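Worth saying up front: this structure is predicted, and the values here are computed from it rather than measured. Atoms within each ligand, like the ligands themselves, are counted from 1 in listed order. The first residue of the sequence shown is numbered 1, and numbering continues consecutively from there.
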Amino acid sequence: MTSVPDILAKSASLNFAAELAALISSAALLRRDEPMARHTTLRVGGPADVYIEPASEADLAAVLKFCGAHKIKFFILGRGSNLLVRDAGFRGVVICLAQPMFSKIEINGERMIFGAGARLKHVAVEARRNGIAGMEFLEGIPGSVGGALRMNAGAMASATFDVVESVRVMDFAGEVREFVPNDMAVEYRSCATLKKYIALGAVLRGKPDSMVEIGQRMTAYSEKRWASQPAAPSAGCAFKNPPTIPAGRLIDEMGLKGTRVGGASVSQEHGNFIVNDGKATAQDVLDLIALLKAKVKAASGIELHTEVEIIGG
Ligand code: EPU
């Protein structure tokens, strides 16, 4: 049965969606009750009240100002590859910089300028095409530049901020500015500064190298990834690596591969991946995370921390 507060929340979201639609350009996309399962690689998650793809920085600024003025929550979505949205969905506005304006790529010598919406695969491929080394590790990360900056995403012993020269951001009042990494709070798998600012794009810097050698490294990384990580829907690694042992090895050595809750299970290929067999709910994944944390803590004393970002509900 739908409760009175639910009905009131729904009618409030319909009202603010109409007001928001009037503030943004006709090229922007706005949908109500958008299932987030469609926008996450894990393929779970309930609806966002409002989902917007701005078509310009002016659209983005208008949405941010509106949310600020009306105290409406918002969330910046990348490619949803490190994200778990609860089944109840997200009460507020999900903003995704997926339109072409935010995905531009410009090469200037060893400097490469990428929009936040550009795919990491394209970053790696463009770097190779231009003989710029240092971006090979981004080749198989299924994310966007904005998401990689926010999470300081990494692979193959490299991380995003290793190659960042500067980041262009918008604050929540719609003002644009630029940061250099020294002015940003960056750590393993997180950039706290980008909780308060939205990355619009970044200048990445590599070193000149031959296309052949860059290509060989990309192939080697890709082979390693395919040999050790599952192809089934997942959100990448579920947990950060504890300082003493990789979480995947720990879970594997404890015999927990294959542990299942509903449609979610620990991958047989890699102990730090939770895969969706197609029928998982967000709650299955959350319950499996809690179960793994409890078992690992009880057996080893090690506290696992989720790497995947959890929102909604
Ligand atoms: N291992 C096992 N069993 C497993 C999984 C791993 O014994 O089931 C062992 C491996 O043999 C290896 C060690 O654990 O000796 C580490 O494994 P791996 O090389 O796969 O690296 P990882 O630390 O588990 C990290 C990143 C991945 C990234 C890979 C490849 C984290 C949390 N994970 O995984 O990033 O793709 O390196 O470079 O730092 C992600 O962030 O979502 C992610 C997938």
Participant: Is G140 near ligand 1, meaning one of its heavy atoms is under 4.0 Å from it?
Facilitator: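 So G140 does not count as touching ligand 1.
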
Participant: Would you say N241 and ligand 1 have an N/O pair spaced under 3.5 Å apart?
Facilitator: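 So ligand 1 has an N or O lying under 3.5 Å from an N or O of N241.
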
Participant: Which ligand 1 atoms, with their elements, are less than 4.0 angstrom from a heavy-atom of K224?
Facilitator: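 Answer for ligand 1: 19 (O).
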
Participant: Should you measure from each heavy atom of G154, which atoms of ligand 1 turn up under 4.0 Å away?
Facilitator: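 So the atoms of ligand 1 that pass are 35 (O).
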
Participant: Which heavy atom of the protein is the closest neighbour of atom 43 (C) of ligand 1, given with residue, atom name and distance?
Facilitator: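 Nearest protein contact, heavy atoms only, for atom 43 (C) of ligand 1 is C237 SG, 3.4 Å.
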
Participant: Can a donor-acceptor pair be found, under 3.5 Å and without considering hydrogens, that links the side chain of D183 to the backbone of F179?
Facilitator: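 Answer holds: no.
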
Participant: Between K279 and D284, is the closest basic N to carboxylate O distance under 4.0 Å?
Facilitator: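 A salt bridge is absent here (no side-chain N lies under 4.0 Å from a carboxylate O).
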
Participant: Please determine if A157 has a nitrogen or oxygen closer than 3.5 Å to a nitrogen or oxygen of ligand 1.
Facilitator: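 No - when backbone and side-chain N and O of A157 are compared with those of ligand 1, no distance drops under 3.5 Å.
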
Participant: Could you tell me, atom by atom, which parts of ligand 1 come under 4.0 Å of a heavy atom of G271?
Facilitator: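 Close to G271: 4 (C), 5 (C), 8 (O).
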
Participant: Is the closest heavy atom of F273 to ligand 1 under 4.0 Å?
Facilitator: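 True for this residue.
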
Participant: Measure from atom 28 (C) of ligand 1 to the protein's non-hydrogen atoms and state whether any distance is below 4.0 Å.
Facilitator: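 Protein heavy atoms within 4.0 Å of atom 28 (C) of ligand 1 - there is at least one.
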
Participant: Hey, is the main chain of A173 close enough, under 3.5 Å, to the side chain of E175 for a donor-acceptor pair?
Facilitator: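 No; judged by distance alone, with no hydrogens or angles, the pair does not exist.
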
Participant: Between F66 and F16, how do the two ring planes meet: parallel, tilted or perpendicular, split at 30° and 60°?
Facilitator: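 Ring orientation of F66 relative to F16: tilted.
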
Participant: With the threshold set strictly below 4.0 angstrom, can you tell me whether any protein non-hydrogen atom sits that near atom 37 (O) of ligand 1?
Facilitator: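 No, no protein heavy atom sits under 4.0 Å from atom 37 (O) of ligand 1.
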
Participant: Answer yes or no for Q229: is there a heavy-atom contact with ligand 1 below 4.0 Å?
Facilitator: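 Yes, Q229 has heavy atoms under 4.0 Å from ligand 1.
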
Participant: Return yes when at least one protein heavy atom is under 4.0 Å from atom 19 (O) of ligand 1, and no when none is.
Facilitator: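 Within 4.0 Å of atom 19 (O) of ligand 1, protein heavy atoms are found.
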
Participant: Should H270 be counted as touching ligand 1, given the test is an N or O pair under 3.5 Å?
Facilitator: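 Yes, H270 has an N/O under 3.5 Å of an N/O on ligand 1.
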
Participant: Any idea which part of E307 is under 4.0 Å from ligand 1, heavy-atom wise: side chain, backbone, both or neither?
Facilitator: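 The answer is the side chain.
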
Participant: Distance under 4.0 Å to a non-hydrogen atom of G236: what atoms of ligand 1 satisfy this?
Facilitator: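 Per the distance check, 42 (O).
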
Participant: Between N108 (side chain only) and R111 (backbone N and O only), is there a donor and an acceptor less than 3.5 Å apart?
Facilitator: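 A pair under 3.5 Å: no.
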
Participant: Under 4.0 Å from a heavy atom of D252: give me the atoms of ligand 1 that qualify, with their elements.
Facilitator: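 Per the distance check, 2 (C), 3 (N), 4 (C), 7 (O), 8 (O).
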
Participant: So R86 and I311, do their side chains get closer than 4.5 Å, heavy atoms only?
Facilitator: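 No; the side chains remain at least 4.5 Å from each other.
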
Participant: Please check this pair: side chain of N272 against backbone of A247, looking for a donor-acceptor N/O pair closer than 3.5 Å.
Facilitator: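 No, because the side chain of N272 does not come within donor-acceptor range (under 3.5 Å) of the backbone of A247.
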
Participant: Which of these, L83, I52, I95, sits in a side-chain contact (heavy atoms from CB on, under 4.5 Å) with L77?
Facilitator: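 That would be L83.
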
Participant: Looking only at atom types and distance, does a side-chain atom of S222 sit under 3.5 Å from a main-chain N or O of M218, one as donor and one as acceptor?
Facilitator: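 Judged by distance alone, no pair lies under 3.5 Å.
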
Participant: Does I302 reach the side chain of K297, with side-chain heavy atoms less than 4.5 Å apart?
Facilitator: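 No. Closest side-chain heavy atoms not under 4.5 Å.
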
Participant: Between ligand 1 and N82, is the shortest N or O to N or O distance under 3.5 Å?
Facilitator: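 Min N/O separation from ligand 1 is not below 3.5 Å for N82.
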
Participant: Just by distance, do the side chain of T41 and the backbone of S234 share a donor-acceptor pair under 3.5 Å?
Facilitator: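 Here the side-chain-to-backbone pair exists.
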
Participant: Is a donor from one side chain sitting under 3.5 angstrom from an acceptor on the other, for E269 and S267?
Facilitator: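 The answer is yes; a qualifying pair exists.
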
Participant: Does a side-chain N-to-carboxylate-O contact under 4.0 Å join E178 and R168?
Facilitator: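 Not counted as a salt bridge, because no side-chain N and carboxylate O are separated by less than 4.0 Å.
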
Participant: Less than 3.5 Å between some nitrogen or oxygen of F239 and one of ligand 1, yes or no?
Facilitator: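 No, no N or O pair falls under 3.5 Å.
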
Participant: Could you list the atoms of ligand 1 found under 4.0 angstrom from a heavy atom of M156?
Facilitator: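 Answer, ordered by atom number: 30 (C), 38 (O).
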
Participant: Below 3.5 Å, N or O to N or O, backbone or side chain included: is there any such pair between P246 and ligand 1?
Facilitator: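 For ligand 1, there is no N or O atom that lies under 3.5 Å from one belonging to P246.
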
Participant: Could you list the atoms of ligand 1 found under 4.0 angstrom from a heavy atom of Y188?
Facilitator: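 Per the distance check, 31 (C), 32 (C), 39 (O).
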
Participant: Side chain or backbone, does K257 bring an N or O within less than 3.5 Å of an N or O on ligand 1?
Facilitator: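 Min N/O separation from ligand 1 is below 3.5 Å for K257.
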
Participant: Please verify whether a non-hydrogen atom of Y221 lies at under 4.0 Å from ligand 1.
Facilitator: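 No heavy atom of Y221 comes that close to ligand 1.
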
